[in-house]
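First the structure, in the form of structure tokens, and then the observations on it.
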Amino acid sequence: MNRALQPKHVAAVIRYQNDPLNALKMFNQVKTEDGFKHTLETYKCMIEKLGLHGKFEAMEDVLAEMRKNVDSKMLEGVYIGIMRDYGRKGKVQEAVNVFERMDFYDCEPSVQSYNAIMNILVEYGYFSQAHKVYMRMKDIGIYPDVYTHTIRMKSFCITGRPTAALRLLNNMPGQGCEFNAVSYCAVISGFYKENCQIEAYHLFDEMLKQGICPDILTFNKLIHVLCKKGNVQESEKLFSKVMKRGVCPNLFTFNIFIQGLCRKGAIDEAARLLESIVSEGLTPDVISYNTLICGFCKHSKLVEAECYLHKMVNSGVEPNEFTYNTIINGFCKAGMMQNADKILRDAMFKGFIPDEFTYSSLINGLCNDGDMNRAMAVFYEAMEKGFKHSIILYNTLVKGLSKQGLVLQALQLMKDMMEHGCSPDIWTYNLVVNGNGELDKAYELFVTIEKEYKFSYSTAIFNIMINAFCEKLNVSMAEKLFHKMGGSDCAPDNYTYRVMIDSYCKTGNIDLAHTFLLENISKGLVPSFTTCGKVLNCLCVTHRLSEAVVIINLMVQNGIVPEEVNSIFEADKKEVAAPKIVVEYLLKKSHITYYSYELLYDGIRNRKLDNKKFKRSTSLVSGKRVANHHRHI
DNA sequence: TTAGGGTTAG
């Protein structure tokens, strides 16, 4: 009979079923149908549906069953999909596990799988792990493709090194990969992110001149970087260029521009742009309105925000939870709690269920109003509604209590949260300790927390305190804490050193600034150019030139150099040029004064180089910088 | 759906 159930029908039903567990029920039921067997297609559909909805346990069960019935070699696509699902939900370890077990289950990962896991690692900031995957892939003999390179460029851009990304881009053709608009735009947005507008625009131009033009999707990503900074002008400049090449804006493009105008503070212009969308043959959607409403709220134009809430409803666009939360938060921030309440009630009448965002806005607003009783009531309501592990809700109330000077209650809340299995984070400590702005009490409190509540301290918590004292130029208290760190298990990190060195420079204690910088470097931490520059200025002003030159050389030895040094491949040239380049770079970026620059420039030239010491160090320059960078992650 | 698109809270 030809009427038998076919896999493609089953797959279609799974796809159209909204509830993943209902789909699973059906999936299991059809197994009992006479003569029916699940295929790669039906398994894949089922796994995709469960993964998309985060039903990972059920998904793993189906996967285990699939392994018994489908040839392992065919499963790479399924594994990649599962990695993506885990990645989307932030389950990075689970994604890695899937990747690591592919071999075991007799499915050899190809470049696609390597790319997939590398991308997840980079997205979540595990740069050194991503690099290890890359190295392993090369060791095995798999060739990286244009995706691999783009992911690596993205990793460099996220870590603020667009020049390194550019070098990668330029090397691609030599490795048998043609670059495309996506790889170009990754580097261009990397430069924009770092405010290197000239370099970015130059590269954009170069791309177009080569006949490579981004499609609207790639272009949108690029201008989103700019618009998030409120740089609409530059976005428009790029926009007119691609328009000439036949690229058409879509609704995403408009929404990105609306966001840019709002960020820039040109809300009325943003509103006009929204109105003009229709004349382009498109229709503003809920995100267009939400973005604009958010803009009005951020600029305290609550009347206009509410006006657009009504406008969207009248145009047939249904507000969603973003809309309500945005406008409720707007009213709460403005101290208009009654208005917030009215919107909330109307929204709930229409079926809106308050979530974490709503509760935190309300608690924040009530605290600012000084209405602690209601704030607590809303907080406990949220706890009952199932937000027991919400660090943000705890922090919101901790902030409120601390600001009102109710520090003991804030501490009690901190204790409660720990008892509920929710660990306080840096925000919590910061709020409790600095919340009421009375620093003299803060130290006592710090000690109290330690003794009475037996909280385990971390470097980050010490840093909060040290920074607070340094900001008030109370260096002796900061020192006291710094030494306390040595007595506990919390090692000072780069941030601790930066803060300490900064305040020594500010208060004119050059000896200690100098000592701390040397200690910082000797511990293998990498101080920033800014920090080095500050100490160098102090040393130069007091004519301690030889000590300053030693620091420049230490910077070179430890890879604290601008990118261009790494592009010098000949060791001899590098030896001579690196200190000079460092000094010039420090001046260019205004880390040192012109006075210091002149002294240092001569100092370097006149100093006889200790060749042995130098030779040993320069070969480490590029490698060490990367290693240090990874250590911070 | 292997790299590349828009909105909310401490």
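Just so we're on the same page: letters track the sequence lines, and every chain starts at 1.
Remark: the Asn180(A) side chain and the dA3(B) base include a donor-acceptor N/O pair separated by less than 3.5 Å. Not a single donor-acceptor pair, N or O on each side, falls under 3.5 Å between the base of dG10(B) and the side chain of Thr396(A). Remark: the Asp215(A) side chain and the dG4(B) base include a donor-acceptor N/O pair separated by less than 3.5 Å.
Listed candidates were dT8(B), dG10(B), dT7(B). Nearest to the side chain of His224(A) is dT7(B). Among the nucleotides dG10(B), dT8(B), dG4(B), the one closest to the side chain of Phe322(A) is dT8(B). Proximity note for Arg84(A) (side chain, C-beta onward) versus dT1(B), dG10(B), dG4(B): the nearest is dT1(B). Of the candidate nucleotides dA9(B), dA3(B), dT8(B), dA3(B) has the atom lying nearest to any side-chain atom of Val182(A). Comparing dT2(B), dG4(B), dA3(B) against the side chain of Thr150(A) picks out dA3(B) as the nearest. If you check dA9(B), dT8(B), dA3(B) against the side chain of Arg263(A), the one that comes closest is dT8(B). Among the nucleotides dT8(B), dA3(B), dT2(B), the one closest to the side chain of Asp145(A) is dT2(B). In the set dT2(B), dT7(B), dG4(B), the nucleotide with an atom closest to the side chain of Ile80(A) is dT2(B).
The distance from atom NZ of Lys228(A) to atom P of dT8(B) is 10 Å, rounded to the nearest whole Å. At whole-Å resolution of the value, CG in Leu75(A) and P in dT1(B) are 21 Å apart. Atom CZ of Arg152(A) is separated from atom P of dA3(B) by 17 Å (rounded to the nearest Å). Ile223(A) places its CD1 atom 17 Å from the P atom of dG4(B), with the value rounded to the nearest Å. Atom CE in Met118(A) sits roughly 16 Å away from atom P in dT2(B) (whole-Å rounding). Distance, Phe179(A) CZ to dA3(B) P: 21 Å, rounded to whole Å. Summarising the geometry, the separation between CD1 on Ile353(A) and P on dA9(B) is reported as 21 Å, rounded to the nearest angstrom. Between Leu121(A) atom CG and dT2(B) atom P the separation is 17 Å, expressed in whole Å.
Ionic pairing of Lys241(A) and Asp205(A) is present here: one or more N-O contacts between side-chain nitrogen and carboxylate oxygen are shorter than 4.0 angstrom. We find that Asp85(A) and Arg88(A) are joined by a salt bridge, their nearest charged nitrogen and carboxylate oxygen being less than 4.0 Å apart. Taking a cutoff of 4.0 Å between a charged side-chain nitrogen and a carboxylate oxygen, Asp268(A) and Arg272(A) do not qualify as a salt bridge. Glu108(A) has no carboxylate O lying under 4.0 Å from a charged side-chain N of Lys73(A), or vice versa, which leaves the two without a salt bridge. By the 4.0 Å N-to-carboxylate-O rule, Arg136(A) lies close enough to Glu100(A) to be salt-bridged with it. In summary, Lys311(A) and Glu275(A) engage in a salt bridge, as defined by a charged side-chain N under 4.0 Å from a carboxylate O.
At the heavy-atom level, Ile391(A) lies under 4.0 Å from base atoms of the strands shown. No engagement by Asp355(A) is indicated, since no non-hydrogen atom pair under 4.0 Å with the nucleic acid exists. Using a 4.0 Å heavy-atom distance criterion, Glu76(A) is classed as making no nucleic acid contact. As judged by a 4.0 angstrom heavy-atom cut-off over every strand, Lys298(A) is placed among residues touching the sugar-phosphate backbone only. Residue Gln112(A) is in base contact, counting any heavy-atom pair closer than 4.0 Å across all strands shown.
Between the side chain of Tyr124(A) and the backbone N or O of Gly87(A), at least one donor-acceptor pair lies under 3.5 Å. Without hydrogens or angle criteria, His389(A) side chain to His420(A) main chain gives a donor-acceptor distance under 3.5 Å.
Contact annotation: His149(A) does not reach the phosphate of dT2(B) (side-chain N/O to OP1 or OP2, under 4.0 Å). The phosphate of dT1(B) has neither OP1 nor OP2 within less than 4.0 Å of any side-chain N or O from Lys44(A). Contact check, Asn364(A) against dA9(B): no side-chain N or O comes under 4.0 Å of OP1 or OP2.
The stretch residues 323-334 of chain A touches DNA chain B through Asn325(A), Thr326(A), Asn329(A), Lys333(A), each having a heavy atom within less than 4.0 Å of the strand.
Atom CD of Gln210(A) has more than 12 heavy atoms from other residues, nucleotides or ligands within 6.0 Å.
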